[in-house]
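Labels below follow one simple rule: chain letters A, B, ... track the order of the sequence lines, proteins then strands, and each chain is numbered from 1. Note that the structure is a prediction, hence the values are computed from the model and not measured.
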Protein chains: 2
Amino acid sequence: MTLILGIDPGSRITGFGVVRDTGRGCEYVASGCIRTGSGPLHERLQIVFRGVREVIQTYQPTMMGIEQVFMARNADSALKLGQARGAAIVAAAEEGLEIAEYTASQVKQAIAGTGGADKQQVMLMVMHLLKLTQKPQIDASDALAIALCHAHTRQSLVPHGLATARRRGGRLRL
Amino acid sequence: MTLILGIDPGSRITGFGVVRDTGRGCEYVASGCIRTGSGPLHERLQIVFRGVREVIQTYQPTMMGIEQVFMARNADSALKLGQARGAAIVAAAEEGLEIAEYTASQVKQAIAGTGGADKQQVMLMVMHLLKLTQKPQIDASDALAIALCHAHTRQSLVPHGLATARRRGGRLRL
């Protein structure tokens with residue numbers, strides 16, 4: 001069993017989601033949003049850093065998935081996103097998590113079966129896969145999708161024999 | 001006497017400079033570059049975070065100046081710069097420093113008397129003001145310039161009576 005954190009960083013709201021990868025699928029553990037408020041930049045970045053650290057210390061995930069950004073809208077929003085992303089990644093690195101980056105289309109492909117899925121489709125699949133009865137907030141849903149993508153990608157990277165052993169309830173940890 | 005840190009963050013090299021503001025001018029304390037190498041993103045950001053923290057713990061500055069970015073070249077470089085900036089700012093905020101942002105032209109104006117000064121002119125003024133006999137590396141020079149700008153700007157924000165008291169050798173700390 002592995003706990004996986006997904007993070008969807010933003011300059012105003014950073015979504016987080018934690019799932020438990022049982023080897024036979026994923027279970028919901030927690031999700032939510034870190035809101036940075038309207039203070040000075042360093043306070044907002046500190047809120048992201050401390051928020052991510054608190055989530056990690058509370059739920060003890062060992063891996064983190066985060067979205068890789070290829071096409072930021074413009075230089076100004078890219079700078080703001082980068083700052084929040086830097087604060088979130090440093091928090092996870094300092095807590096010793098393995099960190100993997102996925103493009104938006106990798107996340108959509110893993111969750112909804114197509115890289116062209118929209119946010120609502122991704123959310124419905126997140127709800128289905130994690131058996132959620134209530135809609136999560138959109139940033140939390142995106143973070144859960146990244147965590148699920150990481151769980152899925154890890155699975156598909158497992159050599160066949162090991163994956164089978166794990167599926168049969170072996171004690172193998174990867 | 002106040003110790004001021006200047007930081008010039010970048011995705012490959014983060015310059016730092018520490019000056020001592022005696023109230024009658026600034027003295028050089030230290031400067032250098034934090035090089036992030038070519039590892040994965042989270043390792044590079046951790047090198048910035050830990051490097052800035054180490055500089056702060058070594059020299060014990062209480063304030064940090066950092067350049068405010070208005071016009072990044074493009075979205076991709078803005079994202080990379082933002083990530084390094086986020087890591088550096090969080091390190092300083094976690095160490096409890098006061099943080100101030102200055103635009104490039106504010107720094108040039110404070111150091112060289114004109115917002116249009118080029119990097120070489122700024123470096124020569126940094127060397128002159130801090131009585132350096134050797135050229136610092138360019139990133140370290142930029143960081144020292146930001147620290148000097150902060151010292152200068154603080155001075156000019158000091159109410160007249162307080163500034164006078166301090167110039168006369170009073171024990172006043174601001």
* **A:Q46 side chain reached by B:I99 side chain, heavy atoms, under 4.5 Å** => no
* Return the minimal non-hydrogen interatomic distance between B:A75 and A:A78, and the atom names on each side. =>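 Scanning both residues completely, I find the closest heavy atoms to be O-CB, 3.2 Å.
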Please check if the number of heavy atoms outside [X] that lie under 6.0 Å from its [atom1] is greater than 12.
X: A:K108; atom1: NZ; result: yes
X: A:E27; atom1: CD; result: yes
X: A:E95; atom1: CD; result: yes

* **Top of B:R50, B:E101, B:H42, B:Q83 for chain A proximity - count of heavy-atom pairs under 4.5 angstrom** => B:Q83
* When hydrophobic residues are tied together by side-chain contacts of less than 4.5 Å, even through go-betweens, does B:I146 share a cluster with B:L3? ->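 No, B:I146 and B:L3 fall in different hydrophobic clusters.
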* Do B:V90 and B:M63 share a hydrophobic cluster (ILVMFWY, side-chain heavy atoms under 4.5 Å, transitive)? ->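 Not linked; separate clusters.
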* Distance (rounded to the nearest 0.5 Å) between B:R85 CZ and A:L45 CG -> 8.5 Å
* Asked: Rounded to the nearest 0.5 Å, what separation is found between the CD atom of B:E94 and the CD atom of A:E94?
  -> 10.0 Å
